[in-house]
2 protein chains.
Amino acid sequence: MDRQQTNCCGARVDCAHCDIRPIAICGALQPMALGKLAAIAGTRRVDAGAQLIQEGEPAEDVFTLTEGMLKIYKLMPDGRRQITGFLIPGDLVGLAYGDSYIYSAEAVTDIVACRFRRGSLLALMADYPELEHRLLSRAGNELAAAQAQMLLLGRKTARERVATFLLGLAERRGIDRGEPMPLPMNRSDIADFLGLTIETVSRTLTLMRKAGLINLPDKHSVTITDMAHLQAASGD
Amino acid sequence: MDRQQTNCCGARVDCAHCDIRPIAICGALQPMALGKLAAIAGTRRVDAGAQLIQEGEPAEDVFTLTEGMLKIYKLMPDGRRQITGFLIPGDLVGLAYGDSYIYSAEAVTDIVACRFRRGSLLALMADYPELEHRLLSRAGNELAAAQAQMLLLGRKTARERVATFLLGLAERRGIDRGEPMPLPMNRSDIADFLGLTIETVSRTLTLMRKAGLINLPDKHSVTITDMAHLQAASGD
DNA sequence: GTGCTGCATTGACCCAAGTCAACGTGAATG
DNA sequence: CATTCACGTTGACTTGGGTCAATGCAGCAC
C-alpha cells in the first residue's frame with residue numbers, strides 16, 4: 001500500500017512515513033490534519049553551498065529541514081556576516097513575522113526540506129491549534145538558544161566560544177563520549193557563528209588538540225576526548 | 001460603573017481599561033475572554049534595582065510589563081553578565097519553554113507588571129487560539145530582535161554598537177528627531193547589553209558628542225542631533 | 001556647609017584577538 | 001603526473017577595546 005500523497009504541485013509527499021515527523025512541527029497532528037498538511041507540502045532539494053532563502057525577499061514559503069545541514073545568517077552591507085544558527089533535521093526555516101525573510105539560509109551539506117506555502121500553513125493553523133502550539137514551543141526554544149548565543153558573543157573568550165560550540169553541537173546531534181562528530185561546516189562558518197576569525201578558530205582548535213581536550217582526525221570531524229575539561233573551558 | 005475585576009488573589013485588575021492592551025497580548029481578545037484573563041491576572045510592582053524573576057527558578061508566572069523599564073539578562077558563574085533585552089510596556093516576561101526561567105529580570109526603573117499564573121494562561125490559550133496567535137507573533141518579533149543583536153555582538157565595532165543601540169531605542173520609544181530621549185539604564189547596563197565595558201561606552205558617547213552626532217544634557221538622556229550620520233555610524 | 005557614596009569620565013598602558021602573509025595539504029582537473 | 005584551487009594552519013605583527021587607576025561630579029546625610 002502506497003501512502004504517499006500527491007500535492008497541488010505534483011510533488012509526492014508522505015508525512016505519515018516521515019522520519020522527522022516526531023520531532024518536527026507535524027509531530028502531534030491527527031491523521032486527518034496530517035493529510036491536509038501533506039496536501040500543501042512540497043519537497044525542495046538544495047545542493048551544498050546554494051541558497052534556500054535570501055534576507056529581504058518576500059516570505060512566501062516556510063520549510064522544515066528533513067535532511068542535511070543549513071546555516072542561517074545576516075549580512076552587513078560591507079559583507080561582514082553573522083551566522084545565527086546551524087539547522088538540523090526537524091528545524092523550521094523562514095517563519096518570519098512580517099512579510100519578508102529576516103535572514104538568508106544556505107545549505108551547508110546537500111539538503112532536503114519540506115516546503116509549505118506560508119498562507120496555507122497559517123490557514124491550517126487556524127483549524128488545528130495543536131500546530132500553532134508546536135510552532136510556539138519551537139519559537140520558545142529558538143529564543144532560548146538565541147539568548148545563550150548572545151551571552152557567548154557578548155561575554156565569552158575565544159576558547160570559551162569554541163568549547164561551547166563543540167559541546168552544544170555534540171549535545172544536539174546526540175554524540176556519545178568518544179564518538180567522532182561530523183563537522184560539516186568549514187572554519188569560516190564556525191568563525192562567523194562564533195564572532196571570531198578563521199585564524200582564531202583554527203588556533204583555538206589546535207590548542208585544544210594539543211591540550212588533549214579533543215582530537216581532529218580530519219578537518220570535517222572532531223572527537224571530544226576530555227569532556228570534563230572541555231566543559232570547564234566553556235565557561236559555564 | 002466600575003469595570004474592575006477582583007481576581008482569585010484579591011487584586012483588582014481592569015483589563016478592559018488597560019492602557020497597554022492594544023499593544024500587549026491581551027489586545028485582540030473578545031470581551032468575554034478579556035474577563036477571563038482579568039480573572040487570572042494580578043498586579044506586581046517592583047522597585048528600581050530589584051529582581052522580578054531569577055534564572056533557574058521554577059517558571060510559575062508570566063508577566064506583561066505595564067509601566068517602567070525592565071532588563072533581562074543571563075549571568076556566567078564568574079559574574080560576567082549579558083543583558084539580552086530592555087523591555088518596555090506591552091512586552092512579555094518569563095514565557096520560558098521549559099519549567100524554569102532561562103533568564104533573570106531586574107527593574108531598571110520602578111515598574112508595574114500584570115501577572116498571570118503560567119498554568120492558567122496556558123489553559124486560557126486552549127480556549128482562545130487568538131491569544132496563542134498573539135504570543136507566537138510576539139515570539140517572532142523577539143526572535144528577529146535577537147538575531148539583529150547577534151549580528152551586533154558578533155560583528156559590529158564599539159561605535160557601530162552604540163549607534164545601533166541609540167537608533168533602536170529611539171525607534172522603539174517613538175522619539176522624534178531632536179527630542180531628548182530618556183536613558184533610564186546606567187552605563188554598566190548599556191555596556192552589558194552591547195558586549196562592551198563601561199569605559200568604552202563612555203568614551204564612545206563622548207566621541208559622538210564631540211563629533212556632533214548626539215547631545216548628552218545629563219547622564220540619563222540623549223538627543224540625536226545628526227540622524228543621518230548616526231545611521232551611517234551604525235553600520236547598516 | 002563637609003564628607004560620603006555611587007556613577008561617569010578620562011588617561012595610560014596592555015593584551016586577546018584581528019590582520020597580513022607564507023605555507024601545507026588534499027581533492028579535482030586536464 | 002603536474003597544476004590548480006580552496007581551505008586550513010601557522011607565524012609575525014598590529015590594534016581595538018579591555019584593564020587599572022585617577023579624577024569629576026551630583027545627590028544625599030548629617
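Chain naming here is simple, since letters A, B, ... match the order of the sequence lines and numbering starts at 1 in each.
Rounded to whole angstrom, the span from the CZ atom of Arg161(A) across to the P atom of dA16(C) amounts to 14 Å. With rounding to whole Å, Glu160(B) atom CD is found 14 Å from dG17(D) atom C1'. Remark: P of dA17(C) and CG of Leu153(A) are 13 Å apart, rounded to the nearest angstrom. Following rounding to the nearest Å, Leu196(A) (CG) and dG16(D) (C1') show an atom-to-atom distance of 15 Å. Atom pair Asp189(A):CG and dG8(D):P shows a separation of 9 Å (rounding to whole Å applied). Here the P atom of nucleotide dA16(C) and the CG atom of Leu194(A) are 19 Å apart, to the nearest Å. To the nearest angstrom, P of dA16(C) lies 16 Å from CZ of Arg155(A).
For residues 49-95 of chain A, the set of pairs meeting the ring-ring contact (aromatic ring centres under 6.0 Å, His included) definition, not counting sequence neighbours, comprises Phe86(A)-Phe193(A). Evaluation of the ring-ring contact (aromatic ring centres under 6.0 Å, His included) test over residues 41-62 of chain B, restricted to residues two or more places apart or in two chains, returns none. Evaluation of the side-chain hydrogen bond (donor to acceptor under 3.5 Å, both in side chains) test over residues 57-66 of chain B, restricted to residues two or more places apart or in two chains, returns Asp61(B)-Arg117(B).
For the salt bridge (charged side-chain N to carboxylate O under 4.0 Å, His left out) test, no residue two or more places apart in sequence or in another chain qualifies with Arg118(B). Annotation: side-chain contact (heavy atoms from CB on, under 4.5 Å) contacts of Ala145(B) (sequence neighbours excluded): none. The side-chain contact (heavy atoms from CB on, under 4.5 Å) test applied to Leu135(A) returns Ile25(A), Leu92(A), Leu95(A), Met125(A), Leu136(B), not counting sequence neighbours. A search for side-chain contact (heavy atoms from CB on, under 4.5 Å) contacts involving Leu216(A) returns Leu205(A), Arg209(A), Ile214(A), Val222(A), not counting sequence neighbours.
At dA17(C), none of the side-chain N or O atoms of Thr197(A) fall inside 4.0 Å of OP1 or OP2 (strictly under the cut-off).
Between Arg81(B) and Glu106(B) there is no salt bridge, since none of the side-chain N atoms of the basic residue sits less than 4.0 Å from a carboxylate O of the acidic one. Under the 4.0 Å criterion applied to side-chain N and carboxylate O atoms, Asp236(A) and Lys74(B) are not assigned as salt-bridge partners.
In the helix from dG1(C)-dC30(D) to dG30(C)-dC1(D), the terminal helix axes, each the rotation mapping four pairs' C1' atoms onto the next four within five end pairs, subtend 30°, rounded to 10°.
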Output one letter per nucleotide in nucleotides 5-13 of chain C: B when a protein non-hydrogen atom lies under 4.0 Å from the base, S when only the sugar-phosphate is that close, - when neither is.
---SBBBB-
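No contact: Gly49(A) has no heavy atom under 4.0 Å from any strand.
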